[in-house]
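Counting from 1, the numbers follow the sequence of the chain as shown.
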Amino acid sequence: MTAAIQALRSYLQSYYDTVFQRSYFISVLAMMTILITANYAIPSLQAENFWHSLLLDYLRYGIPFALAYLLQQIHSNSNMRLIREPWFWTLLVLAPALFALRVNIEFNQSDFTTMAGSRHFKLISCLISYAVKILVLVVPVMLLWWVKDRRQMKLYGFQSQDNWRLYALL
């Protein structure tokens with residue numbers, strides 16, 4: 001066990017020496033602190049309808065997503081190559097929209113729960129809602145892979161690495 005801890009310590013030390021930037025760490029920490037404080041300190045906005053709720057959740061997911069990429073570009077030594085990619089902008093707009101849609105889908109849940117008030121209908125409602133929420137995320141990811149990356153790689157997450165120790169660590 002001591003050898004494993006020593007190997008992990010040496011890996012983290014080499015990472016810290018070569019990659020770690022204190023200014024980037026502090027700026028990300030400040031961003032997280034502000035967003036978490038705002039999430040809990042600002043009174044929750046009540047959505048008037050589905051579209052209003054979708055917009056609020058889009059902003060809730062989109063602002064941290066966009067700020068994280070902005071901070072990375074500010075602190076990296078790259079020449080802003082990522083920002084010139086059209087796929088970057090597609091993902092930057094589409095990913096928060098998909099997560100906001102997933103959160104706001106209530107696939108006929110109110111209809112099922114009012115039917116005889118049975119817990120079986122509520123269970124069926126939850127299962128259908130969960131399946132629809134999964135499809136809302138999986139189908140666009142598969143379409144993105146089909147359009148962009150199917151010639152370069154296998155479907156995302158289905159290609160094993162040569163080093164099985166990574167899987168054992170996870």
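Put simply, CG on N49 and CG on L54 are 10.0 Å apart, with the number rounded to the nearest 0.5 Å. Interatomic distance, I34 CD1 to I63 CD1, rounded to the nearest 0.5 Å: 12.0 Å. Once rounded to the nearest 0.5 Å, the distance linking CE of M142 with CG of L135 reads 10.0 Å. Remark: Y16 OH to Q21 CD distance equals 11.5 Å, nearest 0.5 Å. The CG atom of L8 sits 11.5 Å away from the CD atom of Q13 when rounded to the nearest 0.5 Å.
The nearest pair of heavy atoms linking P140 to L137 is CD-O, 3.5 Å. Between I105 and V132, the shortest heavy-atom contact is CG2-CG1, 3.8 Å. The minimum heavy-atom distance between V103 and K133, with the atom names listed, is O-NZ, 4.1 Å. Residues A66 and L92 share a closest heavy-atom pair of CA-CD1, 3.8 Å.
L67 and I26 are assigned to two separate hydrophobic clusters, defined by single-linkage of ILVMFWY side chains at heavy-atom distances under 4.5 Å. Neither W145 nor V139 shares a network with the other; the hydrophobic side chains, linked directly or stepwise wherever heavy atoms of I, L, V, M, F, W or Y lie under 4.5 Å apart, form separate groups for each. Taken together through direct or relayed side-chain contacts under 4.5 Å among Ile, Leu, Val, Met, Phe, Trp and Tyr, L71 and L35 form part of one hydrophobic cluster. Residues L12 and L29 do not share a hydrophobic cluster, clusters being chains of Ile/Leu/Val/Met/Phe/Trp/Tyr side chains in contact below 4.5 Å.
The closest donor-acceptor contact from the side chain of S53 to the backbone of F50 lies at 3.5 Å or more, if one exists at all. A distance-only check finds no donor-acceptor pair linking the side chain of D57 to the backbone of R60 [under 3.5 Å]. In this structure a side-chain-to-backbone donor-acceptor pair under 3.5 Å is present from S27 to Y24.
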### Message
If you apply the rule side chain to side chain contact (heavy atoms under 4.5 Å, CB included), what do you find for L144 with W87, and how did you get there?
### Response
CA-CA 10 Å; L144 177 70; W87 282 106; 3.0 Å; yes
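Between F65 and Y69, the distance from one ring center to the other falls under 6.0 angstrom. Annotation: F99 is not in aromatic contact with Y58 [ring centroid separation under 6.0 Å not met].
Q73 has its side chain out of reach of L70: every pair of non-hydrogen atoms, C-beta onward, lies at least 4.5 Å apart.
Heavy atoms of other residues, nucleotides or ligands lying less than 6.0 angstrom from CZ of F88 number more than 12. Atom CZ of F25 has 12 or fewer neighbouring heavy atoms from other residues, nucleotides or ligands inside a 6.0 Å radius.
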